[in-house]
Structure formats: C-alpha cells, structure tokens
Amino acid sequence: LNKTYYNPKTEKFQQITYSDIVILNKNRDNAYVFKLVSDLIKLNVPLSTDVTENVCSYPEIQTLIGLLNLIDCKAEDLSLVTILKSPVGNFTDEELLEISLFFRDIENTVGNDKRRKMRFFNAYEYAVKNLSNATGDKLRKFDEYIENVRKLADFLGAYGILKKVMDDCSFESYLVAKGHGKEKLDRISFFISKSKNEERNRTVHDFLKLIIGIIAFMRSEFNSSNSF
C-alpha cells in the first residue's frame, strides 16, 4: 500500500489502495476461504467477497444450534440425535439403533394411528426409564446432564451455556483431532460471540429466534465489516 502504480486511464502515477487489490482463488475448500476472509477482517482490511457459504452451515455450528434447540425443546428428534452423537453424548450409531429397537416391541403393540405419531424421542424417553444395560446407564447420564444444562440456561443465557458445554465436553480437543481444528474453533468463537450484545446475554430462545437473521447478518458481515 506504500507503493504507487501507473494508471493508463488517468496517465498518472497514483497510490495503491485496497480497492486496487484482487485475490483470485482456485481453492474449492470453503474452510480455507472462510479462514482467508476471517483473517482479513481481523486485520481491519475492507473487502468484498462472493463467498456464499455462511457460518451456520458448517457441521460444528449445526451441532451448537442443535444443542440450543434441544435445550429449548427436548422433543425435537433431529436435535436430540445430533447431540447424542456429538461430544456431549458420544453415542454411536449402533447404540442409537439399540435404543430404537428396544422401543420397537412396545411400538408394535400400539394401533397404526398412534404408531405414526411416535418418533425417536419416544424411544429415547422409554429407554431412559427402562433400558437396563450399559447403553441405558449412558443414556441416563446424558439425560441428567441435559436437564441440568436446561436449568442453568435460565441463568447463564445462550452465551454462558454454550461456553459451559464447550468446556465440559472437551469440544476443542474433539475438533482439533478432526482436522482443520483452528478454522473450526474460529467459526465457533465467531458464532458464540453473536449470542450476546453489549447490553446482555441473549436467552437460548431469543438467540434461536435470531438465527435466521444472524445468517443474513453474517453473510453481510463477510461482505463488509465486522459488526453485528
């Protein structure tokens, strides 16, 4: 930026500005592009980008959104399964299948109309109360933890509860072991920071209501500045 260049249109030498610089990238890895854009923003470099991927579409952020959904509404199947398979629960696909099959017998005794309404959540609750083996013990421990987190969320808000679960369940170590750990942690830090503002920590429910708007704001943020 301290250099000048000759502009043939004006036939004069002029100072190089940020708007004169273009970065062409052939890398199709969205994580790499996100890292590049994120680092430039941290350096207060004004920029515009055609990056269309938003932070909330990444798996690690989807997990955190699933956690918030589970705290806000325990009976949501997708969020329940997501968190059971995350570092919070550490359940395998085989264990989730065991929970479902354990419920199958009671499910088959119910009429067709009621059976259509049954979901994984029903199998989960039945197994918490009745499954008497290692998987059942693990499930009850998970259920107790989630209930405790749900109660604490009323006092800690979305920001505090996300930070607590990250610490409790060694999310950082898990993500680093998966590869591209620093980029993933940067995205998580960015996302969690949006769960509060200067005035207060948002409640879990309030933050969830803002998620759709946050996605739009994040896209705008990557295209302009680092404000929310």
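Each residue takes its place number in the sequence, starting with 1. Note that the coordinates shown come from a computational prediction; the quantities given were computed from them, not determined experimentally.
Residues Asn7 and Lys12 are not in side-chain contact: their nearest non-hydrogen atoms beyond the backbone lie 4.5 Å or more apart. Contact annotation: the side chain of Ile146 approaches that of Leu70 to within less than 4.5 Å [non-hydrogen atoms, C-beta and beyond]. Considering only heavy atoms from C-beta on, Ile99 comes within 4.5 Å of Thr135 through its side chain. Counting only heavy atoms from C-beta outward, the side chains of Lys184 and Val176 never approach each other to under 4.5 Å. No side-chain heavy atom of Asn130 sits less than 4.5 Å from a side-chain heavy atom of Phe103. The shortest side-chain heavy-atom distance between Ile61 and Ile65 falls under the 4.5 Å cut-off. Taking 4.5 Å as the limit, some side-chain heavy atom of Leu185 sits within range of a side-chain heavy atom of Glu172. Between Thr4 and Ile16 there is no side-chain heavy-atom pair separated by less than 4.5 Å.
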**OP:** Given salt bridge (charged side-chain N to carboxylate O under 4.0 Å, His left out), test Arg140 with Asp143 step by step and report yes or no.
**Re:** CA-CA 5 Å; Arg140 281 181 283 277; Asp143 189 70; over 6 Å; no
Original post:
Going through the checks in order, is the side-chain contact (heavy atoms from CB on, under 4.5 Å) test met by Gln62 and Tyr58?
Top reply: CA-CA 6 Å; Gln62 286 291 315; Tyr58 285 88; over 6 Å; no
**OP:** Just do the side-chain contact (heavy atoms from CB on, under 4.5 Å) check on Glu60 and Leu175 with the steps written out, would you?
**Re:** CA-CA 8 Å; Glu60 61 272 15; Leu175 292 173; 4.1 Å; yes
Original post:
Stepwise, does the salt bridge (charged side-chain N to carboxylate O under 4.0 Å, His left out) test hold for Arg150 with Glu147?
Top reply: CA-CA 5 Å; Arg150 183 175 287 112; Glu147 286 302 319; 2.7 Å; yes
**OP:** Check the pair Arg187 / Lys182 against side-chain contact (heavy atoms from CB on, under 4.5 Å), numbers first and verdict last.
**Re:** CA-CA 9 Å; Arg187 287 193 286 270; Lys182 186 179 185 305; over 6 Å; no
Subject >> Working for salt bridge (charged side-chain N to carboxylate O under 4.0 Å, His left out), residues Asp137 and Lys141 >> reply: CA-CA 6 Å; Asp137 292 340; Lys141 184 178 180 181; over 6 Å; no
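Distance alone, capped at 3.5 Å, is enough to place a donor-acceptor pair between the Ser100 side chain and the Leu96 backbone. Formation of a donor-acceptor pair under 3.5 Å by the Lys163 side chain with backbone atoms of Ile192 is not found in this model. Using modelled atom types, no side-chain atom of Ser170 and backbone atom of Ser173 make a donor-acceptor pair closer than 3.5 Å.
The two residues Leu64 and Met166 make their nearest non-hydrogen contact at CD2-SD, 4.4 Å. Residues Cys169 and Tyr145 approach most closely at SG-OH, 4.0 Å, considering heavy atoms. Considering all non-hydrogen atoms of both residues, Gln15 and Tyr5 come closest at O-CE2, 4.1 Å. Heavy-atom minimum distance, Leu208 versus Asp72: CD1-CB, 3.6 Å. Gly66 and Ser79 get closest at one heavy-atom pair: O-CB, 3.4 Å. Considering every non-hydrogen atom in both Val204 and Ile161, the closest pair reads CG2-CG2, 4.2 Å.
Ring to ring, Phe102 and Tyr126 are close: their centroids are under 6.0 angstrom apart.
To the nearest 0.5 Å, atoms NZ (Lys74) and CZ (Phe121) are separated by 5.5 Å. Taking CD of Gln14 as the start and NZ of Lys9 as the end, the distance is 10.5 Å to the nearest 0.5 Å.
Between Tyr124 and Phe120, the ring-plane angle classifies as tilted under the 30° and 60° cut-offs.
Cation-pi geometry between Arg202 and Phe207 is not met at under 6.0 angstrom from the ring centre and within 45 degrees of the axis. Phe190 carries Lys194 over the face of its six-membered ring, with the cationic atom under 6.0 Å from the centre and within 45° of the normal. Seen from the ring of Phe91, Lys85 does not count as a face-on cation partner, given the 6.0 Å and 45° thresholds.
Partners of Lys164 according to the side chain to side chain donor-acceptor pair (under 3.5 Å) rule, which considers only residues two or more places apart in sequence or in another chain, are Asp168.
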